[in-house]
Amino acid sequence: MSKFRRKGKGGMPAVSTASLPDIVFMLLFFFMVSTVMRETELKISVNVPKATEVKKLERKSLVSYIYVGSPRRSYVALYGTEPRIQLNDQFAKISDIQDYISAERDARDEKEVPLMTTSLKVDGYTRMGIVTDIKQELRKCNALKINYSTRKGTK
Amino acid sequence: MAKRTPPEISGGSMADIAFMLLIFFLVATTMDIDSGIMRVLPPPIPDDAEPPPPIKERNVFVVLVNKNNQLLVEGEPISIKQLKDKAKEFILNPQDKKDLPDKKDVDIPYFGKSRVSKGIISLQTDRGTSYETYIAVTNELITAGNEIRNDVAMKKFGKLYKDITKDKRNAIRKYVPVPISEAEPKNIGGD
């Protein structure tokens, strides 16, 4: 009996922290791999609507984004409050879309061009006029696969 | 000369460095997965193209949305909640009604000779319609199609539409076509 009692006498042994760096590194690698750095800084506020029949966007490298929404507060003085289009890092006009799409195509492999998708990130309060114009413009340059960005969920 | 061994570098601060990096990546990570409604736009129409053959009125399911986000479906104003059932009735036409779409005989793998609806959904929006409404309407129409496809898949293969093989999915897609056509832009009900 006393055999066992003696063992527990010296208090709890300190937990070795030697493996702490390993654990932390493991976490670090996980986050490093799963991180997607934001490429563009949004100058407009986009609050996409909700929908139920959503599909995930696969192959992010083949997706080009078009943002539409009202300018953020710091840009209101310059650009007003009417919804604007943003391509890459700057405000754009409808006529810039064709150039943008061809630039996006040039950046990709020729084989992958037919697989390219255009993701429309449009604020829910935007009027359809501007969206229709964008779609017509995309049709003109044959970028036919589009994805209306939405959040999953019911209204 | 006595060769001096360099002092060993302490590894004790490794955890601190790793923690710092970890916190940076934790903060910088955005876990949101981009998702949305996939659509394919119709190819551009060349200027010298012949006008398409007229489609019978019974084969078209007209959905109009005006600038006040109100729906007019087949001539009657309805709410967005009723849209899905209306669309399902239109696509299926179970009683072969005269005012709902015609059917044609098509040979489809897995199904054999079957009667497929000729119906087309035509969605027209005004320039003043809000995008939110447009997405909601599109979503309802796609839901209608997907529910029918799910039912067919359940009946035929005993599985949900998304769980069956690609061949079978393509067969069902042919069996239940849900073409949604978006008209060339025009103004409905003024500016």
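Nothing here was measured: the structure is a model prediction, and the numbers come from that model. Per chain, numbering begins at 1; letters A, B, ... match sequence-line order. Hydrogens, waters and symmetry mates play no part in the numbers below; they use all other heavy atoms, side chains included.
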Close side-chain approach of B:Ser130 to A:Thr126, heavy-atom, < 4.5 Å: no

Separation of B:Leu41 CG from A:Asn142 CG (nearest 0.5 Å): 10.0 Å

Report whether A:Met32 and B:Phe24 are members of the same hydrophobic cluster (ILVMFWY, side-chain heavy atoms less than 4.5 Å apart, transitive linking).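 Per the 4.5 Å side-chain linkage, A:Met32 and B:Phe24 are co-clustered.
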
Measuring from atom CD of B:Gln124 to atom CE of A:Met128, what distance do you get when rounded to the nearest 0.5 angstrom?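 So the CD of B:Gln124 and the CE of A:Met128 are separated by 12.0 Å.
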
Taking A:Asp133 first and then B:Arg127, would you say they form a salt bridge - that is, a charged N and a carboxylate O separated by under 4.0 Å? yes

Is the closest basic N to carboxylate O distance between B:Glu132 and A:Lys50 below 4.0 Å?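 Salt bridge flag = no for A:Lys50 with B:Glu132.
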
Are B:Ile78 and B:Leu141 in one and the same hydrophobic cluster, where Ile, Leu, Val, Met, Phe, Trp and Tyr link if side-chain heavy atoms are under 4.5 Å apart? yes

A:Asp22 portion near chain B, given a 4.5 angstrom heavy-atom threshold: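 Neither; nothing under 4.5 Å.
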
Look up atom OG1 in B:Thr129 and atom CZ in A:Arg127, then write down how far apart they are to the nearest 0.5 Å. 8.0 Å

Could you state the interatomic distance from CD1 (B:Ile17) to CZ (A:Phe25), rounded to the nearest 0.5 Å?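 Atom-to-atom, B:Ile17:CD1 and A:Phe25:CZ are 7.5 Å apart.
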
So for atom NZ, which belongs to B:Lys159, do other residues, nucleotides or ligands contribute more than 12 heavy atoms lying within a distance under 6.0 Å?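 Counting other residues, nucleotides and ligands, NZ of B:Lys159 stays at 12 neighbours or fewer.
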
Please give me the minimum heavy-atom distance between B:Leu22 and A:Val24, naming the atom from each residue.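 For B:Leu22 and A:Val24, the tightest heavy-atom pair comes out as CD2-CG1, 4.1 Å.
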
Grab the two heavy atoms, one from A:Asn147 and one from B:Gly36, that are nearest each other, plus how far apart they are. OD1-C, 3.0 Å

Contact part of B:Ile135 toward chain A, heavy-atom cut-off under 4.5 Å: side chain, backbone, both or neither? side chain

I'd like to check A:Lys55 versus B:Ser35 (side-chain heavy atoms, cut-off strictly below 4.5 Å). Are they in contact? no

Do other residues, nucleotides or ligands put more than 12 heavy atoms under 6.0 Å from the CZ atom of A:Arg108?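 More than 12 within 6.0 Å, yes.
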
Structural part of A:Ser119 lying under 4.5 Å from a heavy atom of chain B: neither

Is atom NZ of B:Lys174 surrounded by more than 12 heavy atoms (other residues, nucleotides or ligands) closer than 6.0 Å?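 At most 12 heavy atoms, drawn from other residues, nucleotides or ligands, come within 6.0 Å of this atom.
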
Drop me the distance from A:Leu28's CG to B:Ile23's CD1, to the nearest 0.5 angstrom.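 If we round to the nearest 0.5 Å, A:Leu28:CG and B:Ile23:CD1 are 10.5 Å apart.
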
Mind listing the closest non-hydrogen atom pair of B:Pro43 and A:Leu144 along with its distance?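 B:Pro43 and A:Leu144 have their closest heavy atoms at CA-CD1, 3.8 Å.
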
Worked verdict on A:Thr52 versus B:Asn139 for side chain to side chain contact (heavy atoms under 4.5 Å, CB included): CA-CA 7 Å; A:Thr52 50; B:Asn139 190 50; 3.0 Å; yes

Among A:Lys145, A:Lys152, A:Lys140, A:Lys135, residue most engaged with chain B (heavy-atom pairs, under 4.5 Å):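 If we count pairs closer than 4.5 Å to chain B, A:Lys135 comes out on top.
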
Does any donor atom in the side chain of B:Tyr131 or A:Tyr148 lie under 3.5 Å from an acceptor atom in the other side chain? no

Using the rule that two of Ile, Leu, Val, Met, Phe, Trp, Tyr join whenever any of their side-chain heavy atoms come within less than 4.5 Å, decide whether B:Val116 and B:Ile91 are in one cluster. yes

Taken to the nearest 0.5 Å, the spacing of A:Leu27 CG from B:Leu21 CG works out to 12.5 Å

Shared ILVMFWY cluster between B:Tyr134 and A:Val54, side chains joined below 4.5 angstrom? no

Quick one: what part of A:Ile130 sits under 4.5 Å from any heavy atom of chain B, side chain, backbone, both or neither? backbone

ILVMFWY cluster, A:Val48 and A:Leu42 together (side-chain gap under 4.5 Å): yes

Go through the atoms of A:Val122 and report whether side chain, backbone, both or neither lie under 4.5 Å from a heavy atom of chain B. both

